[in-house]
Protein chains: 2
Amino acid sequence: MKKKITIKEIAKILMVSVSTVSKAMNDSPEISEKTKKKVKELAKFYGYTPNHIAVSLKNQSTFNIGVIIPDIQNSFLAEVLKNIEITAKTKGYRIITFFTGEKSKEEKESLKILANGMAEGIIMCPSEETFVLKEFEHIKNIAETTSLVTFDRLHEELNYNSVSVDDDQSILKACAHFQETQAKNILFVSSIGWLSVGKTRRKTFNSFIENHTNIDGEVIEEHEMDDLRKKIEERITNKELPKIDAILGADIESTLIANAAISKTSLKYIDEISLIGYVNKRHNELQYPQISYINQFPEKVGEKAVELLINSLKDDSSKIKKEVIKTEIVVKDTSK
Amino acid sequence: MKKKITIKEIAKILMVSVSTVSKAMNDSPEISEKTKKKVKELAKFYGYTPNHIAVSLKNQSTFNIGVIIPDIQNSFLAEVLKNIEITAKTKGYRIITFFTGEKSKEEKESLKILANGMAEGIIMCPSEETFVLKEFEHIKNIAETTSLVTFDRLHEELNYNSVSVDDDQSILKACAHFQETQAKNILFVSSIGWLSVGKTRRKTFNSFIENHTNIDGEVIEEHEMDDLRKKIEERITNKELPKIDAILGADIESTLIANAAISKTSLKYIDEISLIGYVNKRHNELQYPQISYINQFPEKVGEKAVELLINSLKDDSSKIKKEVIKTEIVVKDTSK
DNA sequence: CTGAAAGCGCTTACAG
DNA sequence: CTGAAAGCGCTTACAG
């Protein structure tokens with residue numbers, strides 16, 4: 001493999017100084033057109049392009065935004081990521097993405113690398129393990145010297161610019177929607193009872209049921225997918241217990257499982273049972289029936305996160321902003 | 001926001017030299033335990049961590065692998081990415097991911113940045129636009145100075161280490177599977193007729209049909225999802241034309257659409273019609289019915305790609321290797 | 001055991 | 001218009 005050519009070598013070949021080459025490559029008005037042409041031609045011939053690492057070190061700026069994502073497979077996070085990238089690009093930044101696999105250790109690593117010269121600011125969704133351990137020191141440390149925006153998952157110790165989604169409201173809206181359409185007994189299903197977001201969603205559901213005497217609720221939480229499926233099937237076909245007329249899925253997986261269970265037991269949507277949950281939008285559009293879902297507007301989350309970060313990059317002293325994106329129930333084929 | 005502290009400042013505070021601080025931080029045996037302790041304590045106090053950019057520049061090595069992915073939303077690519085990361089980590093490398101959105105321009109940008117100091121080698125899936133334009137110069141240029149592994153999409157001009165999937169074979173296997181189960185008339189559906197991979201899959205299908213006189217085939221290609229759905233529905237319910245007894249989906253989207261069409265028209269799987277296609281494995285497992293699918297083993301693709309790259313990093317002169325992963329038909333609920 | 005010096009590949013204020 | 005010098009934040013061979 002050929003070695004990469006440097007400015008120094010080009011300078012030597014052309015018998016000019018390193019500064020002249022550098023200025024010529026950067027189209028400095030100090031340099032004559034003739035010299036510029038000569039330099040650029042040789043640079044092209046040798047395939048020279050400036051070493052980004054050196055440029056970044058010298059300029060103390062990278063135009064990189066670091067992005068930390070817990071899980072690539074999570075379609076909400078993937079969509080947010082996509083929109084972070086699109087928005088960043090329009091503002092002249094590129095993004096460098098690290099994935100943590102929901103692990104605190106990887107999160108620390110990623111933060112450290114990004115903060116130490118690789119990126120000017122960081123947009124992150126903290127990993128689940130960080131919440132479980134309740135250890136936020138590594139994030140706080142980084143935030144002392146680097147602009148930081150968190151998204152999706154909140155914690156009171158994380159007092160930085162953030163973009164989140166009104167998750168409670170979405171659960172309440174779904175419940176209210178069921179209530180309006182005369183549901184009497186809602187089944188809340190979840191495969192993420194152990195996740196902080198899963199806990200909040202369940203609590204919100206429970207509080208709705210407690211506050212509304214004309215509607216009943218039940219909860220099935222189960223991490224193991226096959227068990228979850230079996231429990232849901234058993235419950236919705238059980239004639240001895242009160243009839244379930246609506247299911248609320250607390251996450252994409254449990255929503256799909258509930259849909260599969262309904263389809264397997266041949267219950268009829270709307271007439272016999274309704275379903276609202278979280279979905280992968282892209283997939284849902286291609287399915288029949290399409291599941292009624294809670295839209296969390298990942299595009300808005302991504303866009304806002306970039307805006308907040310770039311603002312704080314420009315004005316260090318600006319106040320902390322906590323944006324909350326409003327969710328919406330999108331009615332498709334599985335509910336009235 | 002606090003400024004990041006540097007080695008120089010720590011040296012000044014402790015009244016020692018910059019070299020001593022650097023060596024102490026790196027646990028050099030040249031430095032006394034006492035000094036090490038002093039330095040490390042102060043470093044900790046000030047939250048000092050070495051600037052990665054500077055270290056990379058100095059050491060001329062980053063332990064970064066650059067990864068270029070055309071589309072985050074593509075679940076096959078997302079799984080490959082995940083496994084690239086997992087494998088890279090076990091080998092002591094981290095990955096820096098760029099997304100191109102299937103655009104040639106972004107691909108050029110990403111390659112340039114990664115190759116110019118940010119990464120030691122690159123694993124990439126070339127963008128669709130690159131294939132459409134048949135412009136591979138930017139990739140070839142990079143490959144002259146940087147170790148490169150391509151995956152999934154092949155082209156004769158891209159003569160580098162590569163990992164791909166025996167795509168033709170998978171289509172032939174699916175056809176053969178249908179033939180064995182007594183299908184007489186296979187419908188090939190595709191939403192990616194314009195993509196190179198879509199063209200290959202269709203050609204392979206056509207050649208199978210031509211070579212097998214006891215089985216007929218038809219093709220529906222349509223980029224617009226709603227139109228695709230309508231055309232499939234019309235065709236499978238049309239009693240005047242020969243009955244379709246098997247559908248082969250050429251991509252995830254068309255497979256889902258075919259499944260939706262079958263479900264909408266209430267045709268019975270296996271008895272009346274069969275379906276094999278490409279799926280998002282994770283989702284498919286949660287669905288009912290589960291679609292029979294072509295497994296492309298994204299884990300193997302990711303793992304192999306990293307291995308090839310690291311080998312060529314270690315031994316520059318090693319021969320070009322072209323790995324081909326064998327696909328497998330996984331029979332689920334939609335075929336015999 | 002500690003430090004001065006050179007250098008990684010660049011950019012830029014300054015001098016000529 | 002061109003070039004020498006300093007410096008971005010580090011590491012390391014070498015001298016003491």
Side-chain angles (χ1 to χ4, degrees), chain A residues 3-40 42-43 46-64 112-120 145-146, chain B residues 3-40 42-43 46-64 112-120 145-146:
Chain A
K3 245 194 103 243
K4 278 172 202 131
I5 195 166
T6 66
I7 248 183
K8 206 168 153 187
E9 292 162 290
I10 293 191
K12 202 170 166 191
I13 295 169
L14 290 176
M15 312 238 277
V16 294
S17 75
V18 164
S19 3
T20 302
V21 175
S22 171
K23 286 174 190 163
M25 288 303 295
N26 289 311
D27 258 330
S28 159
E30 286 184 48
I31 304 294
S32 72
E33 282 309 319
K34 205 180 136 202
T35 310
K36 277 186 196 172
K37 202 180 155 210
K38 202 171 66 176
V39 170
K40 284 184 182 174
L42 201 77
Y46 281 110
Y48 169 78
T49 43
N51 180 317
H52 258 268
I53 295 283
V55 174
S56 295
L57 181 61
K58 176 64 203 175
N59 290 347
Q60 298 285 80
S61 85
T62 59
F63 283 99
N64 292 335
K112 216 192 237 175
I113 295 162
L114 286 171
N116 282 298
M118 194 169 275
E120 320 205 350
T145 56
T146 309
Chain B
K3 245 195 104 241
K4 279 173 199 127
I5 195 165
T6 66
I7 247 184
K8 206 168 152 186
E9 293 161 288
I10 294 192
K12 202 170 167 190
I13 296 168
L14 290 176
M15 311 240 277
V16 295
S17 75
V18 165
S19 3
T20 303
V21 176
S22 172
K23 286 174 190 162
M25 287 303 295
N26 289 311
D27 257 329
S28 158
E30 287 183 47
I31 304 294
S32 72
E33 282 308 320
K34 203 180 136 204
T35 309
K36 276 186 197 173
K37 201 179 156 213
K38 201 170 66 175
V39 170
K40 284 184 182 175
L42 201 76
Y46 281 110
Y48 169 78
T49 44
N51 180 316
H52 258 269
I53 295 284
V55 174
S56 296
L57 181 62
K58 176 65 203 173
N59 291 346
Q60 299 285 78
S61 84
T62 59
F63 282 99
N64 291 336
K112 215 191 239 174
I113 296 161
L114 287 171
N116 283 297
M118 193 168 276
E120 319 205 350
T145 56
T146 309

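The sequence lines fix the lettering, A, B, ..., with proteins before strands; numbering per chain opens at 1. Bear in mind that the values here come from a model prediction, so they are computed numbers and not experimental data.
Between B/T35 and C/dC1 there is no side-chain N or O to OP1 or OP2 distance below 4.0 Å.
Here A/K12 does not pair with A/E9 in a salt bridge; the nearest charged N to carboxylate O distance is not below 4.0 Å.
Taking atom NZ of B/K38 as the reference point, atom C1' of C/dT2 lies 11 Å away to the nearest angstrom. Per the geometry, CD1 belonging to A/I10 stands 17 Å off C1' belonging to D/dT2, to the nearest Å. Per the geometry, CG belonging to B/N116 stands 15 Å off C1' belonging to C/dC8, to the nearest Å.
As the counterpart of D/dG3, C/dC14 is assigned, both hydrogen-bonding distances of the Watson-Crick or G-U wobble pattern falling under 3.5 Å.
Side chain of A/S28 to main chain of A/A24: no donor-acceptor pair is present (N/O by atom type, distance under 3.5 Å, no hydrogens or angles).
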(request) Take nucleotides 9-16 of chain C nucleotide by nucleotide from the 5' end and write B, S or -, depending on whether a protein heavy atom sits under 4.0 Å from the base, only from the sugar-phosphate, or from neither. (result) BBBBBB--
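In this structure B/Q60 satisfies the side-chain hydrogen bond (donor to acceptor under 3.5 Å, both in side chains) test with no other residue, sequence neighbours excluded.
By the 4.5 Å heavy-atom criterion applied to side chains, A/E120 and A/N64 are not counted as neighbours.
With a 6.0 Å radius and a threshold of 12 heavy atoms from other residues, nucleotides or ligands, A/K112 has its NZ atom at or below the threshold.
Only the P atoms considered, C/dC1 is 24 Å distant from D/dC10, to the nearest whole Å.
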